[in-house]
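Have a look at the structure below, then the notes.
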There are 12 protein chains.
Amino acid sequence: MDRVYKKLELVGVSDKSFEDAIRNAIEKATKTVHGLAWFEVTEQHGKIMDGKVTEFQAVVKVAFKVD
Amino acid sequence: MDRVYKKLELVGVSDKSFEDAIRNAIEKATKTVHGLAWFEVTEQHGKIMDGKVTEFQAVVKVAFKVD
Amino acid sequence: MDRVYKKLELVGVSDKSFEDAIRNAIEKATKTVHGLAWFEVTEQHGKIMDGKVTEFQAVVKVAFKVD
Amino acid sequence: MDRVYKKLELVGVSDKSFEDAIRNAIEKATKTVHGLAWFEVTEQHGKIMDGKVTEFQAVVKVAFKVD
Amino acid sequence: MDRVYKKLELVGVSDKSFEDAIRNAIEKATKTVHGLAWFEVTEQHGKIMDGKVTEFQAVVKVAFKVD
Amino acid sequence: MDRVYKKLELVGVSDKSFEDAIRNAIEKATKTVHGLAWFEVTEQHGKIMDGKVTEFQAVVKVAFKVD
Amino acid sequence: MDRVYKKLELVGVSDKSFEDAIRNAIEKATKTVHGLAWFEVTEQHGKIMDGKVTEFQAVVKVAFKVD
Amino acid sequence: MDRVYKKLELVGVSDKSFEDAIRNAIEKATKTVHGLAWFEVTEQHGKIMDGKVTEFQAVVKVAFKVD
Amino acid sequence: MDRVYKKLELVGVSDKSFEDAIRNAIEKATKTVHGLAWFEVTEQHGKIMDGKVTEFQAVVKVAFKVD
Amino acid sequence: MDRVYKKLELVGVSDKSFEDAIRNAIEKATKTVHGLAWFEVTEQHGKIMDGKVTEFQAVVKVAFKVD
Amino acid sequence: MDRVYKKLELVGVSDKSFEDAIRNAIEKATKTVHGLAWFEVTEQHGKIMDGKVTEFQAVVKVAFKVD
Amino acid sequence: MDRVYKKLELVGVSDKSFEDAIRNAIEKATKTVHGLAWFEVTEQHGKIMDGKVTEFQAVVKVAFKVD
């Protein structure tokens with residue numbers, strides 16, 4: 001039953017939406033760690049250029065089981 | 001003019017998106033209470049399986065007028 | 001000695017003052033639950049119309065002993 | 001349906017009470033902006049001189065509709 | 001997959017320990033609701049009399065699945 | 001290199017989605033200030049009528065370079 | 001110009017109002033320390049008995065100049 | 001009915017457990033002040049040496065009635 | 001005695017230090033408003049390039065008396 | 001004198017107690033990093049099944065000296 | 001191993017810098033208590049006159065070992 | 001346009017100043033990761049010995065682009 005998870009704090013960036021930014025962060029995480037179990041969105045911000053949102057940035061904590 | 005609202009703290013879960021998770025929470029609330037007036041999203045997290053988001057979870061406070 | 005309290009989150013509204021808004025919330029609570037023991041004010045806001053405060057709104061948590 | 005509000009952060013000061021301090025802040029706001037819709041009290045502090053409260057200071061955010 | 005949970009905010013009181021206070025809160029909750037799924041401890045405080053801790057008080061949110 | 005930004009706190013309202021509410025706030029800001037550089041979403045709430053979400057409200061801080 | 005203040009954290013209790021509770025805390029402080037300069041209200045709660053507010057409790061930090 | 005409490009912020013340290021650390025803080029407080037009424041645990045941390053927890057540190061606010 | 005202050009939220013940027021970034025924000029504010037009375041530093045962050053801090057960024061609220 | 005520590009955010013899980021969950025997190029950390037110096041408990045929650053606590057989950061930050 | 005620390009909340013004021021304000025607070029503390037062990041900076045603000053920073057104010061908690 | 005950053009939480013220690021502590025943390029980070037882009041200071045504390053500040057400790061989050 002006893003086990004331990006580790007959380008990583010990532011910032012996903014997308015030019016489409018916050019949910020896409022979140023998915024980018026999670027996808028990148030899956031390339032380096034195994035056993036991703038959950039994620040938490042802690043901040044949402046972005047970049048504006050010429051009056052348009054050019055970047056959606058989501059701060060995301062992802063947790064994975066430590067072997 | 002004087003009136004009182006009660007807040008309920010719910011967690012909506014969806015496999016599609018956060019906004020769908022929020023709508024699930026509100027829809028469920030409408031089945032048990034009348035007079036829902038507003039909602040507040042306080043947390044956004046979710047579940048990951050095999051590197052994919054399988055659940056979007058939104059913590060949502062909903063408020064309704066107490067008769 | 002062992003016992004359990006439950007907290008309810010209410011929003012009292014008054015056209016007179018915050019303390020009246022708080023009392024409205026507590027009074028309403030006394031009509032549905034017994035054994036109210038304490039309250040906590042967590043937010044204070046209100047509505048303005050034509051430059052006048054027309055509503056004082058107090059977010060109030062009330063706690064009562066669960067039988 | 002779509003519209004936008006702007007919030008201003010003010011500090012009202014009164015020698016009488018916090019609610020008077022809040023009203024001072026709102027009254028001043030009505031002189032420069034139209035369409036005030038709501039307010040939020042975020043902090044309450046004050047000044048003491050010779051052991052007496054000489055100033056009640058309320059930090060108040062006021063919101064108005066942007067045309 | 002879609003489902004909704006409701007959170008209740010309880011305060012468990014014990015004269016033995018915080019973990020006992022938490023268990024009191026959960027046990028009481030199981031008597032009125034079904035499907036308890038998780039809990040969150042948000043505050044820990046207590047009462048002192050004659051220099052001894054006479055009450056451990058744990059503020060606990062419990063969540064259960066809404067049918 | 002030295003420069004200064006100013007932040008405005010806005011509340012965007014939309015009947016479609018939070019991301020639309022955020023865009024409304026930013027669009028309105030572009031009409032009065034130049035040089036918008038970034039935005040931060042700090043709160044997400046909304047209005048419910050007859051069990052349906054009728055308004056998505058996003059509190060958004062936008063920052064622009066001060067000349 | 002250089003000087004140092006010390007803050008004390010007090011809880012004033014009154015059966016009348018929060019502002020009376022605040023004044024009680026400040027009055028008590030003036031009996032033991034000199035040079036009180038400001039106060040900050042950080043929490044507002046109270047006690048309920050038989051459905052009536054019997055105590056208003058204000059957590060108040062008071063600051064005074066250290067000689 | 002009117003009365004005033006003062007809070008002290010202490011850090012109890014123990015090599016056994018957090019609850020022991022809390023008790024150390026309260027015990028020490030009883031040696032210098034009378035009328036301790038309640039305590040609040042605000043932080044829990046500790047020291048590790050050679051991979052073992054050698055200190056449990058609990059930040060504890062204790063409140064006592066001011067005569 | 002009664003008066004009202006308005007707070008502006010600025011972000012000062014400097015390539016030298018945080019205190020320089022704060023001064024930049026205040027200096028800029030003095031060019032557009034009169035009667036600046038106090039400031040509050042709420043966040044400190046910055047930019048790194050090639051392993052060197054190239055920007056110190058201080059989020060600063062400045063308050064001035066409203067006539 | 002100059003040195004740098006790195007913090008890891010872990011979630012220890014135990015079926016016995018929070019302090020056991022904390023120890024699990026620290027023990028796991030000692031297997032991959034050297035020089036663990038302190039830990040901070042930031043959240044305490046858990047899982048309930050059939051009305052019983054089946055998991056104690058402690059979010060723990062551990063810090064170790066970077067060589 | 002078991003021991004207890006007490007924290008004092010001070011506000012150091014300097015016309016030079018925040019670090020000088022912090023040092024003023026600590027220096028003053030050393031005149032009344034022994035065994036100061038650590039400090040924590042919790043707020044940074046200041047006074048402005050004629051567009052210049054005339055006071056740097058640092059809120060500092062200092063901790064000392066209780067005998 | 002799409003990309004992901006990772007944040008590390010470090011504690012820089014210096015016997016000179018907070019800004020030196022921050023620089024120590026960033027310098028150490030540059031030795032193990034490439035592409036550092038920004039940093040955030042989240043806490044400032046330190047050690048006192050014989051009434052003198054012997055250590056400035058800055059909790060710093062640094063972010064770098066993940067390849």
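Quick note on labels: first sequence line is chain A, next is B, and so on, each numbered from 1.
Rounded to the nearest 0.5 Å, atoms CG (F:Leu8) and CD (I:Glu9) are 9.5 Å apart.
Residues I:Lys28 and F:Lys6 fail the side-chain proximity criterion, which asks for heavy atoms closer than 4.5 Å. Counting heavy atoms from C-beta outward, I:Asp15 and F:Asp2 have side chains that approach closer than 4.5 Å. F:Tyr5 is not listed as a side-chain neighbour of I:Leu10, based on a closest heavy-atom distance of 4.5 Å or more.
Within the 4.5 angstrom heavy-atom criterion, no atom of I:Thr32 approaches chain F. Only the side chain of I:Val59 comes within less than 4.5 Å of a heavy atom of chain F; its backbone N, CA, C and O stay farther away.
Within 6.0 Å of NZ in I:Lys47 there are 12 or fewer heavy atoms belonging to other residues, nucleotides or ligands.
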Could you give me the CA-CA distance, side-chain angles and deciding distance for I:Glu55 and F:Arg3, then say whether salt bridge (Lys or Arg N to Asp or Glu O under 4.0 Å) is met?
CA-CA 10 Å; I:Glu55 286 186 13; F:Arg3 60 200 190 283; 3.1 Å; yes
